[in-house]
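So that the names make sense, note that chain A is the first sequence line, chain B the second, and so on, each numbered from 1.
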Protein chains: 2
Amino acid sequence: MGAAAYARLRDAGLRPTRQRLELASLLFDGHPRGRHVTAEMLFAEARADGARVSLATVYNTLNQFTGAGLLREVVVEPGTSHFDTNTGDHHHLYFEDSGELRDVDADRIEIKGLPPIPRGAEVARVDVIVRLRRK
Amino acid sequence: MGAAAYARLRDAGLRPTRQRLELASLLFDGHPRGRHVTAEMLFAEARADGARVSLATVYNTLNQFTGAGLLREVVVEPGTSHFDTNTGDHHHLYFEDSGELRDVDADRIEIKGLPPIPRGAEVARVDVIVRLRRK
DNA sequence: CAATAGTTTAGAATAACTCTAAACTGCTGC
DNA sequence: GCAGCAGTTTAGAGTTATTCTAAACTATTG
Ligand SMILES: [Mn+2]
Ligand SMILES: [Mn+2]
Ligand SMILES: [Zn+2]
Ligand SMILES: [Zn+2]
């Protein structure tokens, strides 16, 4: 069950501890389409799953995974970070009412007319967020 | 000096108090190109200007101005909201190192390939954020 | 299996706000 | 002009998301 998680941590150079394995498993196993979670969401899920993990470790782990390129952080609202298991180039639909994030593949999208990048700077990433509300 | 600020508050249906006039003045007067401020930034600026305002009022005022359409809120990093005096349709360049936000006019930009809007939802706004780092 | 570097964790600390309730002030009407 | 009141301000307490601390634990290596 945790074989994929184990390999993932190894490849990322992260020591495969019980907590990291559990969290990686929850995040990645059986979720081919990618997930978007907050620290609290993942913490609740881990607890519900019977895992013994602290909230501090969930935060630490999410940040470490992000640093290692296993996750990416998406900021759509003040006050809470969302972590995204889809690290490929993509954008988001954000449902303001429910807080749901849905992926939009980047190569279906074309952005024209972006200004020239200032000298000495480079593009780290381009985020497109389509904010939706109930009609 | 505060005539423009006075009219602006009046038109927005906000009672022109000393604090609101001062903050509106700092935000809008002599800044035709628009500004991006955090609550702490505006608070410091007001204090430096000799204004007697509390931080709570700065927050209240920024939220009220936003509600009234005089400002808009931009979220680029977890933990802090930026308020934007440019309420027109536009996007942003975000310098990750310095935290600076720079406007990108929306009608210079064209976004193609956005997915269909789900039934029952409507687009509240589309945010494009080009994140830049030092090369 | 010992040694140790890396990890986890409870609880304290911080940062960015928001709330409360009391004091104050911009309008309105007289 | 001023009373009266709704709307506003504010100090300080409270909240929430997140990070820090430093002590206890564990994966890895020899
Ligand atoms: Mn972070
Ligand atoms: Mn707000
Ligand atoms: Zn995503
Ligand atoms: Zn702007």
Side-chain angles (χ1 to χ4, degrees), chain A residues 2-3 5-26 36-47 49-68 70-71 73-83 99, chain B residues 2-3 5-26 36-47 49-68 70-71 73-83 99:
Chain A
Y6 193 91
R8 199 181 295 261
L9 292 182
R10 255 301 151 76
D11 295 352
L14 294 168
R15 193 183 281 192
T17 65
R18 174 172 54 76
Q19 292 86 336
R20 284 180 184 159
L21 285 167
E22 172 82 30
L23 295 175
S25 222
L26 289 174
H36 304 92
V37 301
T38 63
E40 285 290 353
M41 282 168 59
L42 184 59
F43 179 59
E45 193 176 334
R47 302 303 300 279
D49 204 49
R52 298 185 331 277
V53 203
S54 70
L55 181 57
T57 293
V58 171
Y59 274 105
N60 288 340
T61 302
L62 287 172
N63 285 325
Q64 289 155 171
F65 283 12
T66 301
L70 300 181
L71 292 176
E73 199 172 354
V74 183
V75 187
V76 282
E77 54 185 341
T80 318
S81 279
H82 293 249
F83 293 87
Chain B
Y6 193 90
R8 200 180 294 261
L9 292 182
R10 254 304 153 75
D11 295 351
L14 294 168
R15 193 183 280 191
T17 65
R18 174 173 53 77
Q19 291 85 338
R20 284 180 184 157
L21 285 166
E22 173 82 30
L23 295 176
S25 222
L26 288 174
H36 303 92
V37 301
T38 63
E40 285 291 353
M41 282 168 59
L42 184 59
F43 179 59
E45 194 177 332
R47 301 303 300 278
D49 203 50
R52 300 182 332 276
V53 202
S54 70
L55 182 57
T57 293
V58 171
Y59 274 106
N60 288 341
T61 302
L62 287 172
N63 285 138
Q64 289 155 173
F65 283 12
T66 301
L70 301 181
L71 292 176
E73 199 172 354
V74 183
V75 187
V76 282
E77 56 186 339
T80 318
S81 279
H82 293 248
F83 293 87

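- Closest to the side chain of A:Gln19, out of C:dA16, C:dT9, D:dA27, is C:dT9.
- At a threshold of 4.5 Å between non-hydrogen side-chain atoms, the residues A:Glu22 and A:Asp49 count as touching.
- Note that the two end axes of the helix from C:dC1-D:dG30 to C:dC30-D:dG1 enclose an angle of 30°, each drawn from 5 base pairs, rounded to 10 degrees.
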Where do B:Thr38 and B:Phe43 land on the side chain to side chain contact (heavy atoms under 4.5 Å, CB included) test, with the steps shown first? CA-CA 9 Å; B:Thr38 63; B:Phe43 179 59; over 6 Å; no
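- For the pair A:Arg15 and C:dA5, the criterion of a side-chain N or O lying under 4.0 Å from OP1 or OP2 is not met.
- Residue B:Arg10 places no side-chain N or O under 4.0 Å from the OP1 or OP2 atom of C:dG26.
- Straight-line distance from the CG atom of B:Leu62 to the P atom of D:dT9: 12 Å, rounded to whole Å.
- B:Thr57 comes within 4.0 angstrom of a base, heavy atoms only.
- As rounded to whole Å, 12 Å separates atom P of D:dG7 from atom CG of B:Leu14.
- One finds no side-chain N or O of A:Arg18 lying less than 4.0 angstrom from the OP1 or OP2 phosphate oxygen of D:dT26.
- Contact annotation: A:Gln64 side-chain N/O to C:dT7 OP1/OP2 distance is not under 4.0 Å.
- Contact check, A:Asn63 against D:dT19: a side-chain N or O comes under 4.0 Å of OP1 or OP2.
- Put simply, CG on B:Leu9 is 18 Å from P on C:dT25, counting in whole angstrom units.
- The shortest distance between the side-chain N/O atoms of A:Tyr59 and the OP1/OP2 oxygens of D:dT19 is not below 4.0 Å.
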A:Glu73/A:Ser81 under side-chain hydrogen bond (donor to acceptor under 3.5 Å, both in side chains): CA gap, chis, key distance, verdict: CA-CA 7 Å; A:Glu73 199 172 354; A:Ser81 279; 2.7 Å; yes
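- In this structure, CD of A:Glu73 is placed 15 Å from P of D:dA17, rounded to the nearest angstrom.
- A donor-acceptor contact shorter than 3.5 Å links the side chain of B:Thr61 to the backbone of B:Thr57.
- Counting only heavy atoms from C-beta outward, the side chains of B:Glu40 and B:Leu55 approach each other to under 4.5 Å.
- Look at B:Arg52 and you won't find any side-chain N or O under 4.0 angstrom from OP1 or OP2 of D:dT10.
- For B:Thr17, a side-chain nitrogen or oxygen approaches OP1 or OP2 of D:dT9 to under 4.0 Å.
- In the set D:dT28, C:dA16, C:dA10, the nucleotide with an atom closest to the side chain of A:Tyr6 is D:dT28.
- One interatomic measurement links the two molecules: CG of A:Leu55 to C1' of C:dA10, which rounds to 11 Å at whole-angstrom precision.
- Between the CG atom of A:Leu23 and the P atom of C:dT9 there is a distance of 9 Å, rounded to whole Å.
- The shortest side-chain heavy-atom distance between B:Phe83 and B:Val74 does not fall under the 4.5 Å cut-off.
- At least one side-chain heavy atom of A:Val58 sits under 4.5 Å from a side-chain heavy atom of A:Leu62.
- Atom CZ of B:Arg20 is separated from atom C1' of C:dC27 by 13 Å (rounded to the nearest Å).
- Distance alone, capped at 3.5 Å, is enough to place a donor-acceptor pair between the B:Arg18 side chain and the B:Arg52 backbone.
- Both A:Ala56 and B:Glu40 lie close to DNA chain C; mapped to their nearest nucleotides by heavy-atom distance, the more 5′-ward contact belongs to A:Ala56.
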